Amino acid sequence: LSLSRPLPFLSNNAHAVCFILFQRRRRDEFRSKLSIFVVSLLNPYHKVDCRQGRITCSEDFKFLARKLTHGVVDKELQRKSALELEMSDSVRFKTQEFVKAYMKKFGKEYRRA
């Protein structure tokens, strides 16, 4: 569905609403894919043998996954419009580095502030 030009059967107001809904759907699809990726990056930190930044409880794991996912989505939205969001290799690499750096701050065990 391309909404680059108005659809003839919609009023201007209806077209704007349709465009906003389309942007929201694209952003939500991106957030969904990114959240799966962030959870896969956090899983090693949730294991018993983790040496740095170990996440000890499920509530902290869920909190961190949500926080990091929304943080990356917000950063990407600062750089791109919702229509341009996609799970590229660049986004994967930046997310991976962000999670590593974030978890490194906590030392041996993650503690929510």
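Keep in mind that what you see is a predicted model, and the values were worked out from it rather than measured. When a residue number appears, it is its place in the shown sequence, counting from 1.
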Closest heavy-atom pair and its distance - P44, C50: O-CB, 3.5 Å
So, for A65 and V39, which heavy atoms are closest and what is the spacing to 0.1 Å? CB-CG2, 4.1 Å
Walk me through whether M87 and R92 qualify under side-chain contact (heavy atoms from CB on, under 4.5 Å). CA-CA 7 Å; M87 279 299 292; R92 283 185 175 88; 3.7 Å; yes
With rounding to the nearest 0.5 angstrom, report the NZ to CG distance, K67 to D60. 11.0 Å
Please report the interatomic distance NZ(K47) to CG(N43), rounded to the nearest 0.5 Å. 7.0 Å
Can you get from F63 to V72 by hopping between Ile, Leu, Val, Met, Phe, Trp and Tyr side chains that sit under 4.5 Å apart? yes
Side chain to side chain donor-acceptor pair (under 3.5 Å) partners of K94, counting only residues at least two apart: E76
Determine whether L41 and L68 make a side-chain contact, defined as any pair of heavy atoms from C-beta on separated by less than 4.5 Å. no
Using 0.5 Å steps for rounding, measure from the NZ atom of K62 to the CD1 atom of I55. 13.0 Å
The criterion is side chain to side chain contact (heavy atoms under 4.5 Å, CB included); which residues satisfy it with R26, sequence neighbours excluded? F22, E29, L83
By ring pair (Phe, Tyr, Trp, His ring centres under 6.0 Å) - contacts of Y45 (at least two apart): none
Sequence-distant partners of S58, side chain to side chain contact (heavy atoms under 4.5 Å, CB included), two or more places apart: H46
Mind checking side chain to side chain donor-acceptor pair (under 3.5 Å) for R111 and listing every partner two or more places apart, or none if nothing turns up? E109
Taking side chain to side chain contact (heavy atoms under 4.5 Å, CB included) as the test, write out the residues that go with L77, two or more places apart. R27, V73, A82, L85
Say you draw a straight line from CE of M103 to CG of L64; how long is it, rounded to the nearest 0.5 Å? 5.5 Å
How many angstroms lie between atom OG1 of T95 and atom CG of L34, to the nearest 0.5 angstrom? 5.0 Å
Please check if atom CZ in R24 has more than 12 non-hydrogen atoms from other residues, nucleotides or ligands closer than 6.0 Å. no
R54 side chain vs D49 backbone, donor-acceptor pair below 3.5 Å: no
Surrounding NZ of K80 (heavy atoms of other residues, nucleotides or ligands, distance under 6.0 Å), is the total greater than 12? yes
For F106, give me all partners under ring pair (Phe, Tyr, Trp, His ring centres under 6.0 Å), at least two apart in sequence or on another chain. Y102, Y110
Partners passing side chain to side chain donor-acceptor pair (under 3.5 Å) against D28 (at least two apart in sequence or in another chain): R31
Transitive ILVMFWY side-chain link I36 to V99, under 4.5 Å: no
Tell me every residue that passes side chain to side chain contact (heavy atoms under 4.5 Å, CB included) with E59, counting only those two or more places apart in sequence or in another chain. C57, R112
Hey, does the side chain of T69 reach the backbone of R66 with a donor-acceptor pair shorter than 3.5 angstrom? no
